[in-house]
There are 2 protein chains.
Amino acid sequence: MRPDDISDVRALPLFREVRDETFDGLLRASFLQRFPPGLVLIRENERADFLHVVVEGAVEMFASSAGRETTISFARPVSAFILAAVLKDQVYLQSARTLETSRVLMIPASSVREAMTDDAAFMAAVVHDLATAYRSTVKDLKNQKLRTGAERLANWLLRLDSEQHGTGSVEIDVEKRQLAARLGMTPENLSRAFAALKQHGAIVRGMRVEIVDRDALIAFARPDPLVDDERT
Amino acid sequence: MRPDDISDVRALPLFREVRDETFDGLLRASFLQRFPPGLVLIRENERADFLHVVVEGAVEMFASSAGRETTISFARPVSAFILAAVLKDQVYLQSARTLETSRVLMIPASSVREAMTDDAAFMAAVVHDLATAYRSTVKDLKNQKLRTGAERLANWLLRLDSEQHGTGSVEIDVEKRQLAARLGMTPENLSRAFAALKQHGAIVRGMRVEIVDRDALIAFARPDPLVDDERT
DNA sequence: CGTGGGGTTGATACAGTTCAAGATACGTGG
DNA sequence: CCACGTATCTTGAACTGTATCAACCCCACG
């Protein structure tokens, strides 16, 4: 494991305040592995043996039941995923697969649980991380239940624009099929949602979207900090 | 506060393993209040000043955005709700209102955060509670995204039957409009879903449902422990 | 009684998926 | 460098799932 990677992982909210010996102990038992795109890292219903941390690349969390499948979320560097299953010593509720070539740090579940009982600072960080993940899922649920697909897209565009300095010209940084999955719809539906947004001030051309009438787009999207804001 | 209530609250997973002085400290700062039905206890976007515990009655968690509203979950005695907002010292993401006359214990957020830093056992219980709430929300999300309304109803009936000793004759213990909200659909849609289940071995008459062909109902519902099981 | 709320039913409309076909983009091998 | 093949994206049409609006039934309760 390269020194750069170590310091990136160390900088995670989950590990930042932790004692050195706790962090070293966690790393000693772990290993970093490189995976090709499309590889399934975790299958739901398997026992949670490791806490995974995406160090490089991108991972999609998804879930299936009765033959249907849906995307739950994406994990990008540097972040940990499925902490809850590890803590409860339970099976995963979600599956995970790489979207690109990715490097993933795998920390044994038992080490995580030990570190938590030994180091109060780590346990406090775990509490914070869990609370954040929980609230993020509640926001997803609200986004899904309270909005149509086109509205979810419009709000996603507004957020992306503000991340890209609010110039009104947005570069889509993911494949559209991935974007469709993230927004909880089919690729066909995403196409139609883009077409529908022409009426509301957003024009798409390839991977670039021009927000020509921000007020109209906002009026259509009706953004809500309790759904869209990352920080709260 | 009556001794019975105290021991009920003490028995919650969140407080069971906690030191006596921690528990006493929490209670000292708290107060128990009685509320009439339909009263809004918490409004989303308000600062989380209290951790609430339903001691008696029933509370509905719901959320609104852009004029639409949806039910997120129900809290029945004895359980705590919206722990995450309290821990992050943030605003509530959900609103809460009583469904019936209810008694609710309100613990100041600052006391909860103090108790957590003082008592490792309490913090450990908080971790477990948060992980459980998080996984429960993920299951809700899967239930919502992977199933139709009729399928959600069918699975709810199967679970209710197993709770009522699997006799195949199920008594619905909530108003149907509440049930519709819990299953994420309109009351009209619930009526139609019940009608549709006649084809799949479940016959409704008033508040009573007869499961006349369990195999057929299971084949239609396709229950999944990773969505329906409370324990995992 | 009569009135009102919960529940059901019907008609209509919108949201979303599916299936199929065509368009565009892109990397590879000839 | 072009041609081809493949994957992504778009568009159209049909269909499922759900919401909405309206009418009506039923029963409990004043």
Side-chain angles (χ1 to χ4, degrees), chain A residues 37-38 60 64-71 99-101 141 143-156 171-200 202-209 220-222, chain B residues 37-38 60 62 64-71 99-100 141 143-156 171-200 202-209 220-222:
Chain A
E60 177 188 11
S64 316
S65 189
R68 272 161 275 188
E69 181 180 309
T70 188
T71 299
L99 292 172
E100 334 161 350
T101 300
L141 191 58
N143 194 28
Q144 191 69 34
K145 289 182 79 173
L146 293 170
R147 288 177 173 159
T148 66
E151 288 167 346
R152 293 196 294 277
L153 173 60
N155 280 293
W156 183 84
E171 177 80 25
I172 301 173
D173 55 355
V174 292
E175 258 180 29
K176 284 191 183 164
R177 48 175 46 254
Q178 280 178 32
L179 176 58
R182 168 187 227 137
L183 295 175
M185 53 178 133
T186 58
E188 294 95 323
N189 213 339
L190 177 64
S191 270
R192 292 183 179 109
F194 268 123
L197 288 189
K198 282 196 188 98
Q199 265 73 148
H200 301 284
I203 299 171
V204 63
R205 213 178 50 242
M207 288 289 108
R208 188 150 273 286
V209 183
F220 175 76
R222 304 179 71 170
Chain B
E60 177 188 10
F62 63 103
S64 316
S65 189
R68 274 161 272 188
E69 182 180 308
T70 187
T71 298
L99 291 172
E100 333 160 352
L141 192 56
N143 195 28
Q144 190 68 35
K145 289 182 80 174
L146 293 170
R147 288 175 173 161
T148 67
E151 288 169 346
R152 293 197 293 277
L153 173 59
N155 280 294
W156 183 84
E171 178 80 22
I172 301 174
D173 55 355
V174 293
E175 262 182 24
K176 285 190 185 167
R177 47 178 43 256
Q178 280 178 33
L179 176 58
R182 168 185 227 136
L183 295 176
M185 54 179 131
T186 58
E188 295 96 321
N189 213 337
L190 177 64
S191 270
R192 294 185 176 110
F194 269 123
L197 289 190
K198 282 196 189 100
Q199 272 49 212
H200 301 284
I203 298 170
V204 63
R205 214 177 48 242
M207 288 289 107
R208 183 138 221 103
V209 183
F220 175 76
R222 304 179 72 171

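These figures come from a predicted structure and were not determined experimentally. Throughout, a chain's letter reflects where its sequence line sits, starting with A, and its residues are numbered from 1. When reading the values below, keep in mind they use all heavy atoms of this one structure, side chains included, and skip hydrogens, waters and symmetry mates.
The ring-ring contact (aromatic ring centres under 6.0 Å, His included) check on B/F220 picks up B/H200, with sequence neighbours excluded. Judged as a side chain to side chain donor-acceptor pair (under 3.5 Å), and not counting sequence neighbours, the contacts of B/S65 are A/D224. Listed by chain and residue number, nothing satisfies the salt bridge (Lys or Arg N to Asp or Glu O under 4.0 Å) test with A/E175 (two or more places apart in sequence, or in another chain). With sequence neighbours left out, the salt bridge (Lys or Arg N to Asp or Glu O under 4.0 Å) criterion links B/R177 to no other residue. Applying the salt bridge (Lys or Arg N to Asp or Glu O under 4.0 Å) rule to A/E69 yields the partners A/R97; only residues at least two apart in sequence or on another chain are considered. For A/N143, the side chain to side chain donor-acceptor pair (under 3.5 Å) partners at least two apart in sequence or on another chain are A/R147. For A/R68, the side chain to side chain donor-acceptor pair (under 3.5 Å) partners two or more places apart in sequence, or in a different chain, are B/E151. Remark: B/E171 pairs with B/R208 by the side chain to side chain donor-acceptor pair (under 3.5 Å) rule, at least two apart or across chains.
For B/E175, counting side-chain heavy atoms from C-beta on, the closest listed nucleotide (D/dC9, C/dA11, C/dG6) is C/dG6.
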Please produce a list of atom pairs where a protein N or O lies less than 3.5 Å from an N or O of nucleotides 21-26 of chain C.
none

Report all interatomic pairs (protein N or O, nucleotide N or O of nucleotides 16-18 of chain D) with separations under 3.5 Å.
residue, atom, partner, partner atom, Å
D/dT18, OP1, B/G149, N, 2.8
D/dT18, OP2, B/G149, N, 3.2

Side chains of residues 181-197 of chain B: which donor-acceptor pairs under 3.5 Å do they make with residues two or more places apart or in other chains?
residue, atom, partner, partner atom, Å
B/T186, OG1, B/N189, N, 3.2

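One cannot find a donor-acceptor pair under 3.5 Å joining the base of C/dG5 and the side-chain atoms of B/R177.
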Quiz prompt | Contact pattern, 5' to 3', of nucleotides 22-30 of chain D - B, S or - by protein heavy atom under 4.0 Å | solution = ---------
